[in-house]
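In what follows, residues are counted from 1 in the order of the sequence shown. Whatever order the structure lists ligands and atoms in, that order sets their numbers, starting from 1.
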Amino acid sequence: MAKTFPISQLSFCLLFHFFLGKCSSSPLAPALYVFGDSLVDSGNNDFLNTSSKANYSPYGIDFPSGPTGRFTNGKTFADFLAKYLGLPFAPPFLGLSEDQKSETITGMNYASGSAGILRKTGSAIGMNLALERQIELFQDTVKNYLPKNFKAKNELLQYLSKSIFVVDIGSNDYLNNYLQPAHYTSNQLYSPVQFAGILVKKFKESLQDIYSLGARKFLVFNIAPIGCTPALLSSENITSGCAEDANQLVSLYNEGLAEMLQDLSTCLQGSTFVQAEFYASSYDLNQNPYKYGFTSRSPCCSVNASTAQCYPDVQPCQDRTTHVYWDAVHPSQQSNFLFATGCFLGSSQYCTPLNILQLTQKQ
Ligand SMILES: *[C@@H]1O[C@H](CO)[C@@H](O)[C@H](O)[C@H]1NC(C)=O
Ligand SMILES: *[C@@H]1O[C@H](CO)[C@@H](O)[C@H](O)[C@H]1NC(C)=O
Ligand SMILES: *[C@@H]1O[C@H](CO)[C@@H](O)[C@H](O)[C@H]1NC(C)=O
C-alpha cells in the first residue's frame, strides 16, 4: 500500500508540514475538532475517575512528550491528520484552562476512552464523556469560547464550515456494552439487528446536533473488525483469523451507518460526510499483515487480560513498527499512520467518497 501513494501529487507544503512540522503558508483547514473514544482520545480521560486511562508508561513511548493519555505507543489517527492539515495536535478539552479554551482556535479534542454512542456504554469501568456529553462540550466551545476570536457571527460560521470534524466512535457500544452481558442489559433486550438500529438512529441525531452547531465537513468512522483484536481472539481461544461472530455484529451497524451517512449528505444542506472505511481496511490489514510491512498481530506489550491494556512500566516489543496492535485492542502508531495516510491522500479503500485532501478543497 505505501508504494501506491501519489507522492507526486503532494504539494511541497504538505511534505514540509509533515516532515518538518511547520510551513509558512496557511493550514489546509482552519481547525480540527475530534469526537470519539480511546482510538483518538488525546488525554481527556486523565481528568476523569475511570480505570480506562493510558497516562502511564509504556503508553506514549514513541510520543515526543511521553505518556499523555493516548492509548497507543505514539500518535493517533487524529494526530497524523492534524499534521497533514498543518495544524497543531487537537488538545484534550478537559486539560485546558479557561484562558486556553478561549485562545484555542485550531481545534479541540473531546474524545474519551471507553465512551460510546450510548450514554451507558463503558460505565462499568468508570466515568467517560459519552458522545452526547462531548457534543455539549463542543456547544460550550462554540457559544462561550470561540466567539471571543471573531468580529462577527458570520465569520465564526465561515470558520466552522471550513473546519474538519472527525467522529470515531461505536466499538465500545459492543466491547463495553453489548458483549458484556454481566454488566449491561442491552444483549437481553435487543437482537443484534435491533441494537445496530438503535445505535445508528442515536448516532444520526448526534451528527445532526454537530451540524446544527455549524459543522459541515465530517469524517465519520465505521467500526473496526473488533473480532480481529488480540483481546477477542484470546477470549474466544482463536489462534488464527478473526472472531467472525463479533465481526458480524459490527457489520450490521456498519451497513446501517453507510446508508445513514448518505441520507445525511442529501438532507443537511451544505454538508459533506466522508466515511472512513475502518472495517474493510483494517480487516485486510489483519488478514494480510505482511502486505503492509507488519510481522505480528500480537500485542506489542504484555497485557492485563481483564483490561486489554499494557501492564504499567513493562518493556514493550523492540520493533514497534512491525506490530499491527499496540495493546490487546488499540492499533499501534504504525497502523494509525498507514490509515491516516491512506485516508488523507489515498483511494476509496480508506475514505469514501472523498479523501481528506479533497474534503478540505470542497467549497
Ligand atoms: C471513583 O470511582 C470509584 C468507583 O466507581 C468510586 O468508588 C470513588 O468514590 C470515585 N472517586 C471519586 C473521587 O469520585
Ligand atoms: C479457552 O481456553 C481456556 C483454557 O484452555 C478455557 O478455560 C476456556 O473455557 C476456553 N474458552 C472458550 C470460550 O472456549
Ligand atoms: C488487571 O486489571 C484489573 C482491573 O483494573 C486489576 O484489578 C488487576 O489487579 C490487574 N492485574 C494485575 C496482575 O495487575
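- Ring-centre distance between F63 and F89: below the 6.0 Å cut-off.
- To the nearest 0.5 Å, atoms OH (Y325) and CG (L233) are separated by 7.5 Å.
- No donor-acceptor pair under 3.5 Å is formed between the side chain of S281 and the backbone N or O of F339.
- Within a 4.0 Å radius of atom 5 (O) of ligand 1, the protein contributes no non-hydrogen atoms.
- Distances from ligand 3 to the non-hydrogen atoms of S51 include no value under 4.0 Å.
- Closer than 4.0 Å to atom 11 (N) of ligand 1 lies at least one heavy atom of the protein.
- Among all non-hydrogen protein atoms, the one lying nearest atom 14 (O) of ligand 3 is Y311 CE2, 3.6 Å.
- Comparing heavy-atom distances from atom 3 (C) of ligand 3 across G126, S306, S52 singles out S306 as nearest.
- In this structure, Y290 stands alone, with no Ile, Leu, Val, Met, Phe, Trp or Tyr side-chain heavy atom under 4.5 Å from its own, directly or through other members.
- Comment: E98 engages K101 in a salt bridge, judged by a side-chain N to carboxylate O separation of less than 4.0 angstrom.
- Given atom 8 (C) of ligand 3, the protein heavy atom at minimum distance is N304 ND2, 3.7 Å.
- Across the listed options L48, N49, T50, N49 owns the non-hydrogen atom lying nearest to atom 13 (C) of ligand 1.
- The contact set between ligand 3 and T307, taken as ligand atoms under 4.0 Å from a residue heavy atom, comprises 2 (O), 4 (C), 5 (O).
- With V250 as the fixed residue, the side chain to side chain contact (heavy atoms under 4.5 Å, CB included) test singles out one of L175, I226, L257: I226.
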